[in-house]
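These notes are about the structure you will find just below.
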There are 2 protein chains.
Amino acid sequence: MTSDARPAPVKDSAPVGFQEHDHQTCVETALASVEARCSTEGLRLTPVRRKVLEMLLQEHRALGAYAILDRLRAEGFGSQPPVAYRALDFLVQNGFVHKIERLNAFVACSHPGQSHSPAFMICRKCDAVAEAQSAPAKGVLGAAARAAGFEIERTVVEAEGLCPDCTEKA
Amino acid sequence: MTSDARPAPVKDSAPVGFQEHDHQTCVETALASVEARCSTEGLRLTPVRRKVLEMLLQEHRALGAYAILDRLRAEGFGSQPPVAYRALDFLVQNGFVHKIERLNAFVACSHPGQSHSPAFMICRKCDAVAEAQSAPAKGVLGAAARAAGFEIERTVVEAEGLCPDCTEKA
DNA sequence: CAATACATGATATGAAATAACATGACAAGT
DNA sequence: ACTTGTCATGTTATTTCATATCATGTATTG
């Protein structure tokens, strides 16, 4: 058995922000932007890392580490968990990929290059994931944190619900 | 080995919102409130479920399912994963306990009875967890969701950082 | 070219979660 | 009382996610 999360409605052009778009261009642009940042910052976008990033950009939805691993194996890369996790660590550390805690899975960043604290909308039916901006530290939470003396370093914001497509079908 | 998450600074009186408080009273009140809700709503707070809830209230921090399981075993309950997961499911479903996605762990709700969409502050050093309110659907994220046609059903908001205690020590 | 950082490969294991099936406890309907 | 249905629990096995560790390789860079 291959470890793809769910049957998953495979469409040629997947949603970003749940919208149809020119996917090929979108992948290429993102990749180029990551390459640029790597070379200016002296980061090493090695073959495994690049491959993982490409896969995630291509899919445009959250993939589990083992789904990624399967694909790496298929392409002749190492096929043991650490291979995938190390590549993912690198990509996450540098903001090229985000981890979706709710799903224990990973998505390529939709706005690479921009510093951001991302928020995600996750469709519980088709697993599509869209990235948005958030500013949680600015709102009620920020106030609570200041009141409590808690220093926020990082936030996870994930909304679960139904994407437009799935809403329609229901 | 027993599966307690980390060495964990055991203190007699643990933080709620990172503050000292009369823990015994706090546990009792919470438990009473849950019992009340169960009886008015016809929910069955069985021995396992009650025990798990007590443990979480007592600890006042996030415990993993297997740490819970260890304690259940010690008390003579079933010791297989489903036992813990089922009790946790019940408690989470009914809002008596929350899952911290970031930690794959569980905490007792600090405001049982009030309907709420909780937000958490998690200390990355000592694993203390404080619960606050959030209204993520009201802010930037809500706007993005409406724009995208995404229907939010539930949100996860978790802030990671340093609690007052750990900040001091640093 | 040697020293050193960093990246990968491979083995093993730990930790989190669920599937599937059997048993028990209890209330409602006949 | 007995059967049926529902819900909770127990148990086995397996899947999925993640990391520790050690050995090996490959770039820089001094």
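Note that the structure is a prediction, hence the values are computed from the model and not measured. Chain identifiers are assigned alphabetically (A, B, ...) following the order of the sequence lines, protein sequences preceding nucleic acid strands; residue numbering begins at 1 within each chain.
Distance CD (A/Glu75) to P (C/dG9): 14 Å, rounded to an integer number of Å. Protein atom CG of A/Leu43 is 18 Å distant from nucleotide atom P of D/dA27, rounded to whole Å. Across the protein-nucleic acid pair, A/Leu45 atom CG and C/dC6 atom P stand 17 Å apart, rounded to whole Å. Here the C1' atom of nucleotide C/dT18 and the CG atom of B/Leu88 are 14 Å apart, to the nearest Å. Here the P atom of nucleotide C/dT8 and the CG atom of A/Leu91 are 10 Å apart, to the nearest Å. When the P atom of C/dA15 is taken as reference, atom CG of B/Asp70 falls 10 Å away, rounded to whole Å. The CG atom of A/Leu69 sits 12 Å away from the C1' atom of C/dG9 (whole-angstrom rounding). The separation between B/Gln80 atom CD and C/dC21 atom P is 18 Å, rounded to whole Å.
Nucleic acid contact class of B/Arg86 (heavy atoms, under 4.0 Å, all strands): base. Nucleic acid contact for A/Arg49: sugar-phosphate only, since backbone atoms but no base atoms lie under 4.0 Å from a heavy atom of the residue.
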For residues 39-50 of chain B, which side-chain N or O atoms pair as donor and acceptor with protein atoms under 3.5 Å away, sequence neighbours left out?
{"from": "B/Ser39", "atom 1": "OG", "to": "B/Ala36", "atom 2": "O", "distance (Å)": "3.2"}
{"from": "B/Thr40", "atom 1": "OG1", "to": "B/Arg37", "atom 2": "O", "distance (Å)": "3.1"}
{"from": "B/Glu41", "atom 1": "OE2", "to": "B/Arg37", "atom 2": "NE", "distance (Å)": "3.0"}
{"from": "B/Glu41", "atom 1": "OE2", "to": "B/Arg37", "atom 2": "NH2", "distance (Å)": "3.4"}
{"from": "B/Arg49", "atom 1": "NH1", "to": "B/Arg44", "atom 2": "O", "distance (Å)": "2.7"}
{"from": "B/Arg50", "atom 1": "NE", "to": "B/Glu54", "atom 2": "OE2", "distance (Å)": "3.0"}
{"from": "B/Arg50", "atom 1": "NH1", "to": "B/Glu35", "atom 2": "OE2", "distance (Å)": "2.2"}
{"from": "B/Arg50", "atom 1": "NH2", "to": "B/Glu35", "atom 2": "OE2", "distance (Å)": "3.0"}

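For B/Ser79, no side-chain nitrogen or oxygen approaches OP1 or OP2 of D/dG10 to under 4.0 Å. The phosphate of D/dA18 (OP1 or OP2) has a side-chain N or O of A/Lys99 nearer than 4.0 angstrom. The phosphate of C/dA17 (OP1 or OP2) has a side-chain N or O of B/Asn104 nearer than 4.0 angstrom.
For A/Tyr85, whose side chain is taken as the heavy atoms from C-beta onward, the closest listed nucleotide among C/dA17, C/dT8, D/dC17 is D/dC17.
Under 4.0 Å is where a charged nitrogen must lie from a carboxylate oxygen, and between A/Asp70 and A/Arg73 at least one such pair does. Between A/Arg102 and A/Glu158, no side-chain nitrogen of the basic residue sits less than 4.0 Å from a carboxylate oxygen of the acidic one, so the salt-bridge criterion is not met.
Stacking between A/Tyr66 and D/dC17 is present: the aromatic ring centre lies within less than 5.5 angstrom of the base six-membered ring centre, and the two planes differ by under 30 degrees.
Comparing B/Ala105 and B/Arg44 by the nucleotide of DNA chain C whose heavy atom lies nearest to each, the residue mapping closer to the 5' end is B/Ala105. For B/Phe77 and B/Pro81, each mapped to the nucleotide of DNA chain D holding its nearest heavy atom, the one lying further toward the 5' end belongs to B/Phe77.
To the nearest 0.5 Å, the span separating CG on A/Leu103 from CD on A/Glu160 amounts to 7.5 Å.
Ring orientation note: the planes of A/His23 and A/His60 are tilted relative to one another, at an angle of 30° to 60°.
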